[in-house]
Protein chains: 2
Amino acid sequence: MPEGDTVPGTSGTRRTPRGLETRSRIVDSAAKLFYVKGVNATTLDDVRLASSTSKSQLYNHFEGKPALIHAVIDVQSKFVLAREEQRLRGVKTLTGLRRWRDALVQANSLQDGSYGCALGAMSIELSDNDEQSRQALNASFDAWRWMLVETLTRLRVLGVLAEDADPQRLGTGLLAALQGGYVLAQNARSSEPMAVALDMALDHIASFARS
Amino acid sequence: MPEGDTVPGTSGTRRTPRGLETRSRIVDSAAKLFYVKGVNATTLDDVRLASSTSKSQLYNHFEGKPALIHAVIDVQSKFVLAREEQRLRGVKTLTGLRRWRDALVQANSLQDGSYGCALGAMSIELSDNDEQSRQALNASFDAWRWMLVETLTRLRVLGVLAEDADPQRLGTGLLAALQGGYVLAQNARSSEPMAVALDMALDHIASFARS
DNA sequence: CTAGTATTGGACTAAATCGTCCACTTACGT
DNA sequence: ACGTAAGTGGACGATTTAGTCCAATACTAG
């Protein structure tokens, strides 16, 4: 994991446990604020307050706001990808895929759809102005897509899906349905659009089920 | 068209043609900037510069930045909905629906997917912080969804789709696929994910075609 | 034409916000 | 234990940005 963004020149600055703890407190607070308020609407003072730190700590651990943003993207990506990896790993049937859907819809409904997808939101907000963020987020989306493609490939190998099912396209479509579901759900303050969108994608996938 | 947001107390201020022309120049410039830079990243000075106006003109025609944002949401919504209405009105076959898809994908590919959907982007950026914007955008999404539902209903009535096709759910799914396609396309700087997402939705709809 | 109203230009204020600096404290290696 | 480097607190400066104000100009109605 590239640490080379948190420190001015060299990445070889010595860090004590206390420093690392402070750093992660800052990143965690920033991640939460970015998620609920948006990146641009969150000021460094907000982060400072939420993390109970001081200005010098922010600038000791990060070059500036852009570096903090990149660190947050990093931690959010890891979080989402780890969660998805864990949920998709054992999926071997269409029912398992439905369970994956249920988990997403349930989590979304707990907050009435608000806040959407952490990665999707940052993507839309940042990709126009910050190329580095865009690339990082794009890599995460690609990894996410890959997990779906691998899951679908597994289903095909296991004989759950027919040979003419195209995991690449189906995986992309599934991720798009999820992201679109997030957008509509966030705006409607209801997880229902997301449920419908995912159901549509899953029904389509199910149409490739081996008879 | 509610004009009641542009002027402090009363909405009955007299306006001359010149004033109205200035006002629309401001809104148009702001709409463009919001689209390519994002709402929060656009300052009033940006708008002032792009529209060749002065501070007093901005505040003569709008109460402040929020009012300007609402005006932009209004004009963008009208634009998108008018475009969609025009494209969907005559759709009477699945081929017609494919043409609708082609138009969206083509427009998206012209800018390599950048910038995404004007409504979706503002929705994600604003819905957490501005309830009024959220509701306005939600109404637009709902109108958009309705157009798709009506189109699918028409196809069912015409016998193109079978009775068991559910236009409500299919319309929601179609809009979600489109929005998700926008998100992925914007991040990947390629319209391909959007094409795949829409194709999936259309294939699913086609599976309800009357045999 | 004239009075009143809309419109405009731009200087100005107040507040927010990013970023710097330095004295001070804590921890690590030897 | 002692010197050096990491870490901390918070004041401070510089810049950006939203918003105000007023004098000057264009327009409209009568």
Side-chain angles (χ1 to χ4, degrees), chain A residues 3 5-30 33-34 37-72 125-126 129-130 133, chain B residues 3 5-30 33-34 37-72 125-126 129-130 133:
Chain A
E3 276 281 320
D5 211 354
T6 63
V7 158
T10 62
S11 62
T13 321
R14 258 187 12 225
R15 295 288 179 193
T16 67
R18 184 168 60 132
L20 290 175
E21 202 276 329
T22 299
R23 182 184 189 277
S24 80
R25 207 166 66 248
I26 292 171
V27 176
D28 290 348
S29 298
L33 287 167
F34 288 176
K37 294 185 56 168
V39 176
N40 285 314
T42 300
T43 72
L44 292 185
D45 273 348
D46 291 334
V47 175
R48 192 180 52 69
L49 209 65
S51 61
S52 301
T53 51
S54 68
K55 253 339 182 19
S56 69
Q57 285 164 306
L58 282 177
Y59 282 89
N60 179 22
H61 291 287
F62 304 94
E63 270 190 330
K65 201 180 179 186
L68 176 58
I69 292 172
H70 300 151
V72 169
E125 202 172 354
L126 298 173
N129 306 311
D130 178 356
S133 294
Chain B
E3 277 280 320
D5 209 356
T6 64
V7 158
T10 62
S11 63
T13 320
R14 258 185 15 223
R15 295 287 180 195
T16 66
R18 185 170 59 130
L20 291 174
E21 201 276 329
T22 299
R23 181 183 190 279
S24 79
R25 206 165 67 248
I26 292 170
V27 176
D28 289 348
S29 298
L33 287 167
F34 288 176
K37 293 185 57 169
V39 177
N40 285 314
T42 299
T43 71
L44 292 184
D45 272 347
D46 291 334
V47 175
R48 192 180 52 70
L49 209 66
S51 60
S52 300
T53 51
S54 67
K55 252 339 181 19
S56 70
Q57 284 165 303
L58 282 178
Y59 282 89
N60 180 24
H61 291 287
F62 305 94
E63 269 190 329
K65 202 182 178 186
L68 176 58
I69 291 172
H70 300 151
V72 169
E125 202 172 353
L126 298 173
N129 306 312
D130 179 355
S133 294

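Phosphate proximity of D:dG7 to A:Q57: absent, as no side-chain N or O sits under 4.0 Å from OP1 or OP2. Taking 4.0 angstrom as the limit, A:H61 places a side-chain polar atom (N or O) nearer than this to OP1 or OP2 of D:dT8.
The base of C:dG19 has none of its N or O atoms less than 3.5 Å from a complementary donor or acceptor on the side chain of A:K65. One cannot find a donor-acceptor pair under 3.5 Å joining the base of D:dG7 and the side-chain atoms of A:T22.
Among the nucleotides C:dG10, D:dT8, C:dT17, the one closest to the side chain of A:S54 is D:dT8. When distances are taken from the side chain of A:Y59 to each of C:dG19, D:dA18, D:dG7, the shortest belongs to C:dG19. The side chain of A:L44 has C:dC18 as its nearest neighbour among D:dG7, C:dA11, C:dC18.
Spacing between atom CZ of B:F62 and atom P of C:dT8 amounts to 12 Å, rounded to whole angstrom units. Straight-line distance from the CG atom of A:D45 to the C1' atom of D:dG9: 14 Å, rounded to whole Å.
Between A:K65 and A:T42, the shortest heavy-atom contact is NZ-O, 2.8 Å. The minimum heavy-atom distance linking B:V47 with B:S29 is given by the pair O-CB, 4.4 Å.
With hydrogens and angles disregarded, a donor-acceptor distance shorter than 3.5 Å links the side chain of B:E125 to the backbone of B:V39.
Comparing A:D46 and A:S56 by the nucleotide of DNA chain C that holds the closest heavy atom to each, the one mapping nearer the 5' end is A:D46.
Under a 4.0 Å N-O distance rule, the pair A:R25/A:D28 does not qualify as a salt bridge.
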